[in-house]
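Chain letters run A, B, ... following the sequence lines, proteins first, then strands; residues in each count from 1.
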Amino acid sequence: MVKVTLKDGSVREYPPGTTCAAVAGEISPRLGREALVAAVDGRLVDLGYPLEHDAAVQFFTFDDPEGRQAFRHSTAHVLAQAVKKVFPEARLAIGPAIAGGFYYDFDVPRPFTPEQLAKIQAEMEKIVKEDLPFNRFEVTRREALDRFGAAGETYKEELINDLPEDAVISCYQQGDFTDLCAGPHVPSTGRLKAVKLTGVAGAYWRGSEKNKMLQRIYGTAFPKKSQLEEHLFRIEEAKRRDHRKLGAELDLFSIQEEGPGFPFFHPKGMVLRNELEQFWRDEHRMRGYQEIRTPIILNRALWERSGHWEHYRENMYFTRIDEADYAVKPMNCPGGILVYRSHLHSYRDLPVRLAELGLVHRHELSGVLHGLMRVRCFTQDDAHIFMLPAQIREEIIGVIDLVDYFYGVFGFNYKVELSTRPENSMGSDEIWDTATAALEEALQARGMDYKVNEGDGAFYGPKIDFHLEDCLGRTWQCGTIQLDFLMPEKFDLTYVGEDGQKHRPVMIHRVVFGSIERFIGILTEHFAGAFPVWLAPVQVKVLPIAGRHLDYAREVGRRLEAGGIRVELDERNEKVNYKIREAQAQKIPYMLVIGDREAASGAVSVRHRSGGDLGSFSVDDFLARVQEEIRSKAL
RNA sequence: GCUGGUGUGGCUCAGGGGUAGAGCAGCGCACUCGUAAUGCGCAGGCCGUCGGUUCGAAUCCGACCACCAGCUCCA
């Protein structure tokens, strides 16, 4: 008998050769139905895998990342099968599972049309109905090359050739279709109940624009129709919340042909922005930062010295002034460094925390521009901290606390990533190791979970990234903390130590919002334009019912304004229903309906954008309520 | 930058070789109205830009620009 150890530690015995599927079914009928793949001693396998030796076995359903991946990946195979049936001349590239679905790349003479996509999807549904088993078999390198070579699958041949020497080469076959694949796969196509092809796009073979452009079909799949529908609804919801659409509707900002990637902020967008900046300034002042502002254009020598000329030139804009070369700053650090260097520093002064809301310009490829999320000029809520090496840990922890506090104010959860040395970088391995270790230490001291991204750091140092999660579960990189031993060296920064000698300070670059512009985009989508009262461009809209209520409505407006509320009065000769509809569409938090009753009693009738009619309030009570909501930054 | 798509009044969109239309928004008038659209009227566009084909181009062709979906890249 074979001893099988399950996840809960229990041990069961089975005759040798029993499949994982049989074990799952024996544990519970439900697990038998829902299990998609298994892990034997930590190695992912198909459910058909026979157990010949004692092993630890674990099962995965669609609710586990492993199960979900296999599910989507299996669907990608069905897609490939369907495409080969409809377009036998198509050559197969790769087809992995991705977050939210899967894709498969094909080399076809012309792009797929939406009609063809529908046809392919219909073919996929047929294959699902046939409930074909996924069969795994192993082949030698020679056999694999012969098989796919004969089929004219040149991309597969390339993949096979790139496999490591000792790799086990496996294929999966369902019906008349066979694909090179490591697996694992779900037992049969019948499991793939709810499949939807969501789009087509060009994509380069192996992601390099030097290679041929293939046609990528995106899709997603779920075990239940209802799950698919919910997923599609979420996508619709994301579209409805698109900050570009809301930005125009709420009149926050615009991007015009005259400045692609250079956003214009309208009055209402500026209110939002100024609130964010004021909050930022207050918090930074309280935490010992001093604010500075450095020029946007600085001369070439500075950028050569900082290393940007060599490492960042492709992203920079240049100009000439009086026969000399200048660059528009893509980062604020050199400016901050010049401020630090403008006078001598004692070790007693450190840490020096210089904060700057700095407007930077970066040349981004035209195709990547996207509303406020990807632009060519943006404002970083930057700060550079100059400190003693002994202060590193504490300073980093201070920044982590700050970021944690900020995101909490907006109701965001976040994830942390640590990025290490990239290829095109400056400095010695030793310096990088020290810096990376310092970041890691601070994260551990703060007890944070984090993921490591090898080779993803800045060219001057490793970094901690904060990815915040919005209400649709999407993540956005905002805050970063970058430790830098190199700039202080390059700019010969010093402080005078206890011993009267000059010493080298260490530097931190950090942002919390990241880019104010992007942050506003994220907030817009997160709140679907219904900003918390403290951020709302218009906090209260006063709606007189008829002309005779105008005087009192104006008085209410004045009193609220005097109380520091951003209030607007709708004086137009329109019905109150109409005014409400418009104020709702503008997502204004509070609407005050003013009619005979209110004018007579000196009250206001309060309607909340989501809470509806809240009844009658005295002006003072209402004012106090809104003021408290603003003060507490209530969500 | 690359692949595919789109470009008509502020917005959403119809039209399509004979010189431009609707709804909403705007403006005017009437209605004086109680929690998501009152009615009537008026005005507004060299149909993204440049070039070509044609007796004639918003319409067909080409180039460019911008935008959209992706690729790649990043705050």
Could you tell me the separation between the CZ atom of Arg216(A) and the P atom of G4(B), rounded to a whole number of Å? 16 Å
Between Phe279(A) and Phe406(A), ring centroids under 6.0 Å: yes
Closest approach to the side chain of Ala546(A), judged atom by atom: which nucleotide of A66(B), U32(B), C74(B) is it? U32(B)
Inter-nucleotide C1' distance (U12(B), C71(B)), Å rounded: 31 Å
One thing to verify: whether Glu571(A) and Arg554(A) come together as a salt bridge, which I'm taking to mean a side-chain N less than 4.0 angstrom from a carboxylate O. yes
How long is the line joining CD of Glu364(A) and P of C2(B), in whole Å? 16 Å
In whole angstroms, the gap separating C1' of A75(B) from CG of Leu276(A) amounts to 15 Å
Taking all atoms of both residues into account, what is the closest heavy-atom pair of Ala599(A) and Tyr552(A), and its distance? CA-CD2, 3.6 Å
Which atom pairs link the protein and nucleotides 39-48 of chain B when you take only N or O atoms and keep those under 3.5 Å?
none

May I ask you to verify if any side-chain N or O of Tyr218(A) is less than 4.0 angstrom from the OP1 or OP2 atom of G4(B)? no
Regarding the side chain of Arg244(A), the nearest nucleotide among C68(B), G1(B), A75(B) is C68(B)
Scan residues 605-615 of chain A against RNA chain B and write down, sorted by residue number, each residue with any heavy atom closer than 4.0 Å; if none is found, say none. Ser605(A), Arg607(A), Asp613(A)
Please report the distance, rounded to the nearest Å, between CD in Glu571(A) and P in C27(B). 13 Å
Do the two ring centres, one from Phe318(A) and one from Trp309(A), sit under 6.0 Å apart? yes
Give me the distance, rounded to whole Å, that separates C60(B) from G1(B) when you measure between the P atoms they each carry. 26 Å
Please pick, from A37(B), C33(B), C67(B), the nucleotide with the shortest atom-to-atom distance to any side-chain atom of Asn577(A). A37(B)
For the residue pair Val512(A) and Asp381(A), what are the closest heavy atoms and their distance? N-OD2, 3.0 Å
Can you tell me how far C1' in A14(B) sits from the matching atom in U54(B), rounded to whole Å? 26 Å
Using the test side chain to side chain contact (heavy atoms under 4.5 Å, CB included), find all partners of Lys84(A) that sit at least two apart in sequence or belong to another chain. Leu92(A), Glu153(A), Phe177(A)
Pair Phe410(A) + His526(A): ring centers closer than 6.0 Å: no
Report the nucleotide, chosen from G1(B), U3(B), U32(B), that has the shortest atom-to-atom distance to any side-chain atom of Gln215(A). U3(B)
When we call it a touch if two heavy atoms are under 4.0 Å apart, what does Glu574(A) touch: a base, just sugar-phosphate, or nothing? base
With a 4.5 Å limit on heavy-atom distance, are the side chains of Glu291(A) and Arg281(A) in contact? yes
Pair Glu582(A) + Arg572(A): basic N to acidic O under 4.0 Å: yes
Where the side chain of Val593(A) is defined as all heavy atoms beyond and including C-beta, which of U38(B), U35(B), U72(B) is the nearest nucleotide? U35(B)
Quick check: any donor-acceptor pair below 3.5 Å linking the side-chain of Glu598(A) to the base of G34(B)? yes
Once you round it to whole Å, what is the distance between P of A37(B) and CG of Leu543(A)? 13 Å
Rounded to the Å, how far apart are Arg362(A) CZ and A75(B) C1'? 6 Å
Distance between the C1' atoms of A66(B) and G34(B), in whole angstroms? 47 Å
Toward the 5' end of RNA chain B, by each residue's nearest nucleotide, Arg548(A) or His370(A): Arg548(A)
What heavy-atom pair brings Phe531(A) and Pro537(A) nearest, and what distance separates the two atoms? CD1-CD, 4.2 Å
Pairwise P distance, A75(B) and A37(B) [rounded to whole Å]: 47 Å
Same-atom distance (C1') from C61(B) to A43(B), integer angstrom: 37 Å
Checking all strands, does Gln584(A) fall into the base, sugar-phosphate, or nothing category for heavy-atom contacts under 4.0 angstrom? base
How many Å lie between CD1 on Ile255(A) and P on C67(B), as a whole number? 8 Å
What's the closest nucleotide to the Arg518(A) side chain, out of A66(B), A37(B), A75(B)? A75(B)
Is there a donor and acceptor pair closer than 3.5 Å between the side chain of Arg374(A) and the base of C73(B)? yes
Given the C1' atoms of A22(B) and G45(B), what is the spacing between them in whole Å? 14 Å
Given that Gly595(A) and Lys463(A) both sit by RNA chain B, which one's nearest nucleotide is further toward the 5' end? Gly595(A)
So, is Gln380(A) near the phosphate of A75(B), with a side-chain N or O under 4.0 Å from OP1 or OP2? no
Arg216(A) to Tyr103(A), cation-pi by 6.0 Å centre distance and 45° axis angle: yes
Helical stems, RNA chain B - three or more consecutive Watson-Crick or G-U wobble pairs below 3.5 Å: B:1-7 with B:65-71, B:10-13 with B:21-24, B:26-30 with B:38-42, B:48-52 with B:60-64
Rounded to whole Å, please give me the gap between NZ in Lys575(A) and P in A30(B). 14 Å
Report which part of the nucleic acid Asn315(A) touches: base, sugar-phosphate, or nothing (heavy-atom distance under 4.0 Å, all strands). nothing
I want to know whether Tyr104(A) and Phe106(A) have ring centres closer than 6.0 Å. yes
Give a yes/no verdict on a cation-pi contact between Arg273(A) and Phe265(A), requiring under 6.0 Å between NZ or CZ and the six-membered ring centre and an angle within 45° of the axis. yes
Presence of salt bridge, Arg353(A) and Glu395(A), under 4.0 angstrom: yes
Within the pair Arg376(A) and A75(B), is there a side-chain N or O less than 4.0 Å away from OP1 or OP2? no
By salt bridge (Lys or Arg N to Asp or Glu O under 4.0 Å), Arg559(A) pairs with (sequence neighbours left out) Glu555(A), Asp620(A)
Contacts under 3.5 Å, N or O only, protein and nucleotides 23-25 of chain B:
| unit_1 | atom_1 | unit_2 | atom_2 | d |
| --- | --- | --- | --- | --- |
| A25(B) | OP1 | Tyr578(A) | OH | 2.6 |

Under 4.0 Å, counting only non-hydrogen atoms across every strand here, what does Val511(A) touch: a base, just sugar-phosphate, or nothing? nothing
For a ring pair (Phe, Tyr, Trp, His ring centres under 6.0 Å) check, start with the C-alpha distance between Tyr218(A) and Phe102(A), then their side-chain angles and the critical distance, and finish with the verdict. CA-CA 6 Å; Tyr218(A) 285 94; Phe102(A) 63 88; 8.9 Å; no
G18(B) versus G23(B) - spacing of their P atoms, nearest Å: 24 Å
Heavy-atom side-chain contact between Pro260(A) and Ile255(A) under 4.5 Å: no
